[in-house]
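Bear in mind the structure is a predicted one, so any value in this text is a computation, not a measurement. Within every chain, numbering begins at 1; the chains are lettered A, B, ... in the order of the sequence lines, protein sequences first and strands thereafter.
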Amino acid sequence: MSKNDANTSTENLPEQMQFRRDKLGALRESGENPYLITTCRVTAHAREIVDNFEQFEEQEVTVAGRLMARRGMGKVSFADLSDKTGTIQIFSKQDQLGETSYDAWKGLDVGDLVAVKGQVFKTRTGEISIRNSEWQLHAKALRPLPEKFHGLRDTDMRYRKRYLDLMTNTDVRETFIDRSRIIRCIRKTLDDLGFLEVETPLLNNIPGGAAARPFITHHQALDLHLYLRISPELYLKRLIVGGLERVYEIGRNFRNEGMSTKHNPEFTMMELYQAYTDYHGMMEITEKLVSEACLHVKGTLSITYQGTPLSLEPPFKRITMIEAVKQATGINFASFMGSDEEAKKHTKELELKSRTTLTKWGDILNACFETYVEDKITQPTFVIDYPIEDSPLAKVKPGTDGRLTERFELFIDGREYGNAYTELNDPDDQRRRFEHQRAMREAGDEEAQLPDEDFVEALEYGMPPTGGLGIGIDRLVMLLTDSPSIRDVLLFPTMKPLGF
RNA sequence: GAUCCACUAGCUCAGUCGGUAGAGCACUUGACUUUUAAUCAAGGGGUCCGGGGUUCAAGUCCCCGGUGGAUCACCA
């Protein structure tokens, strides 16, 4: 914004910024430029002092942080200093600091970064405080902070200037601490199970492993179009072929699609692949990952998400897609398994959510599920056995005449949290499925998957029977931090630039 | 992409029927040696998101545009 451009000059500044610049200028002139300071020996943090007062009482500590509030009383004054752990009160007295130092202290502004050395004590009213005996300015806040009581409310500015959100709104800080703890918990759980954490390319020649429109970029030296990955799946399965047996990756996927409270163009996925197991094994590991993450940050498996009580206690409910649709609509797709004609008869009596005309048994079953079941699932539920049409990388479920695959998705409170299947390891079948995807693509389905011949070649060397699972980390964090929007769990969500 | 809502001081928000732009916090000056949304007194601070229109007169009404939010659509 043009406002910002002017602020390095000292003309036309809002007056509060001018006052602060003047104070900084005076410091520089008197040889006390705070920006020359490089280190500080911090000996304690706010939270540990407050939590362990008995140990700290009358001990001398040095704390550092940001001044969040000031209460002057004349020749004594109080200030709240906030560091990464919390806030502690600083008590300053002219008698102790001397007139010069005390006057300089009074000249500080809310937002300034300072270090304070002094003894820990309790004030008359019982507030644990530090008796300021020596202090140092680390950096001047040249701009006033958002209001202390209401904090920063404007959602636009909270996302664009997350540092202000973090310094003002403590619950936001908690959310991102929880996010880190959830991811650490997932890593630990998988590491303990013998999984190897790996990293695979974000720059792909063929964006595979999911149905989504990719971002396109360009490599100058090779004069090559590259795509940001939409999923790491095909790389991770190559590692199973390579004999690593248990691998996982936590990383960013990029999908060039719409944005919403549940979708950001870049988002974090956890994908894992485990040899010698199937989608039942993936259900068990999903239950373990979700419930342990929940226990880790909430201390209980009974939570509420946006007012809805939920129990993340394993085992989660399991229901086949056919059974779920039967219960919701009365239509039993198993009684006309694979018959496109029979299925089409039912589309007339239903109002299905779909942008295209549905002609296949599997597509109609899936549309019934999405229309009548999906958003009505509240408690954690594995919906299992998906039609083959939308599952080109999953193994066929025996006894279903090739119509269903061994796949599940985990739904909680109407949202999808995970997707898993028994991995297709028959290279000839995989090649046929890719061909089918190619045909759909040529027929106009922009999101049909692209054939990856190198991946099929890898399967020709032999991939053991394998289970694979993907969990959307952002959505899991939303669930476990009771956040209504994905933007609340991304430090810097994708935003349109201001101006033009 | 569609619809609705929001945008006013650094921040949080009022602003009536179209008639001179308001409050709290923050800031400046002064008082105050245990406050904690400190208190008291005085003061300064505005591109009312941008552009156009109607009108004697627009923060307010109309049109176009920007950003955000919600819902829908899209999105396994």
Side-chain angles (χ1 to χ4, degrees), chain A residues 1-3 6-7 12-20 22-23 68-80 87-96 102 107 109-111 121-129 131 141-161 164 168 209-213 230-231 255-265 267 353-355 363 366-367 369-370 374 383 386-387 389-394 407-409 411 415-416 418-421 446-449 470 472 484-485 487 493 495-500:
Chain A
M1 296 192 295
S2 58
K3 261 187 207 167
N7 285 340
N12 300 320
L13 275 184
E15 60 169 8
Q16 291 195 46
M17 293 189 210
Q18 188 60 57
F19 285 130
R20 287 163 184 248
D22 291 346
K23 287 179 185 176
M68 298 305 288
R70 293 152 38 72
R71 296 175 290 283
M73 296 282 301
K75 294 187 175 62
V76 296
S77 59
F78 300 85
D80 294 336
T87 298
I88 190 159
Q89 178 168 274
I90 308 297
F91 174 76
S92 305
K93 194 155 70 159
Q94 193 189 57
D95 293 352
Q96 184 158 15
Y102 186 74
D109 292 299
V110 169
F121 77 111
K122 239 180 216 178
T123 62
R124 245 177 243 169
T125 50
E127 181 82 15
I128 295 164
S129 307
R131 197 179 279 119
L142 295 174
R143 293 169 180 269
L145 257 45
E147 201 240 9
K148 65 180 173 187
F149 191 62
H150 298 93
L152 186 64
R153 288 280 182 77
D154 185 81
T155 46
D156 190 27
M157 211 189 299
R158 284 186 46 226
Y159 298 145
R160 290 182 195 278
K161 302 190 184 298
L164 291 178
T168 316
R213 184 178 313 177
I230 55 175
S231 157
R255 297 188 184 175
N256 205 341
E257 291 166 348
M259 294 165 65
S260 76
T261 50
K262 301 188 266 308
H263 301 83
N264 196 67
F267 62 100
K353 290 193 242 177
S354 179
R355 60 201 176 285
D363 290 331
N366 193 54
F369 173 74
E370 288 178 2
E374 189 171 317
V383 175
Y386 277 57
E389 282 81 357
D390 280 338
S391 311
L393 302 165
R407 173 182 177 187
F408 73 77
E409 291 186 320
F411 290 90
R415 291 182 187 175
E416 183 205 331
N419 180 22
Y421 27 89
E446 281 182 38
E447 279 157 9
Q449 301 200 20
S485 168
R487 291 183 154 193
M495 302 289 281
K496 275 197 191 183
L498 293 173
F500 40 87

What integer distance in Å separates [X]:[atom1] from [N]:[atom2]?
X: Lys23(A); N: C27(B); atom1: NZ; atom2: P; answer: 8 Å
X: Arg71(A); N: A37(B); atom1: CZ; atom2: P; answer: 7 Å
X: Met157(A); N: C7(B); atom1: CE; atom2: P; answer: 14 Å
X: His263(A); N: G69(B); atom1: NE2; atom2: P; answer: 15 Å

Looking only at side-chain N and O atoms, does [X] come under 4.0 Å of OP1 or OP2 in [N]?
X: Arg487(A); N: G69(B); value: yes
X: Arg213(A); N: C75(B); value: no
X: Lys148(A); N: A37(B); value: no

| field | Phe91(A)-Phe121(A) aromatic ring centre distance below 6.0 Å | value | yes
| task | Select from Met495(A) and Phe91(A) the residue whose nearest nucleotide in RNA chain B is closer to the 5' end of that strand. | result | Phe91(A)
| remark: Ranking Ala212(A) and Asp156(A) by the position along RNA chain B of their nearest nucleotide, the one closer to 5' is Asp156(A)
| query | What about Glu127(A), does its side chain sit under 3.5 Å from the base of U34(B) through a donor-acceptor pair? | reply | no
Scan every strand shown for a Watson-Crick or G-U wobble partner of [N], both distances under 3.5 Å, and answer none if you come up empty.
N: C48(B); value: none
N: C72(B); value: G1(B)
N: U39(B); value: A31(B)
N: A6(B); value: U67(B)
N: U60(B); value: none

How far, in whole Å, is [M] from [N] if one measures between their [atom1] atoms?
N: G65(B); M: C4(B); atom1: P; result: 13 Å
N: G15(B); M: G51(B); atom1: P; result: 24 Å
N: U35(B); M: C40(B); atom1: P; result: 15 Å
N: C13(B); M: U29(B); atom1: P; result: 29 Å

| said: Does Gln89(A) reach a base, just sugar-phosphate, or nothing at all? Heavy atoms under 4.0 Å. | reply: base
| When we call it a touch if two heavy atoms are under 4.0 Å apart, what does Gln449(A) touch: a base, just sugar-phosphate, or nothing? | base
| remark: Taking U34(B), A76(B), U28(B) as options, the one with an atom nearest any side-chain atom of Met73(A) is U34(B)
| query | Between the side chains of Gln96(A) and Tyr102(A), is a donor N or O closer than 3.5 angstrom to an acceptor N or O? | reply | no
| query | Does the pair Arg71(A)/Asp80(A) count as a salt bridge with the N-to-O cut at 4.0 Å? | reply | yes
| So, are Lys122(A) and Glu127(A) salt-bridged, with charged N and O less than 4.0 Å apart? | no
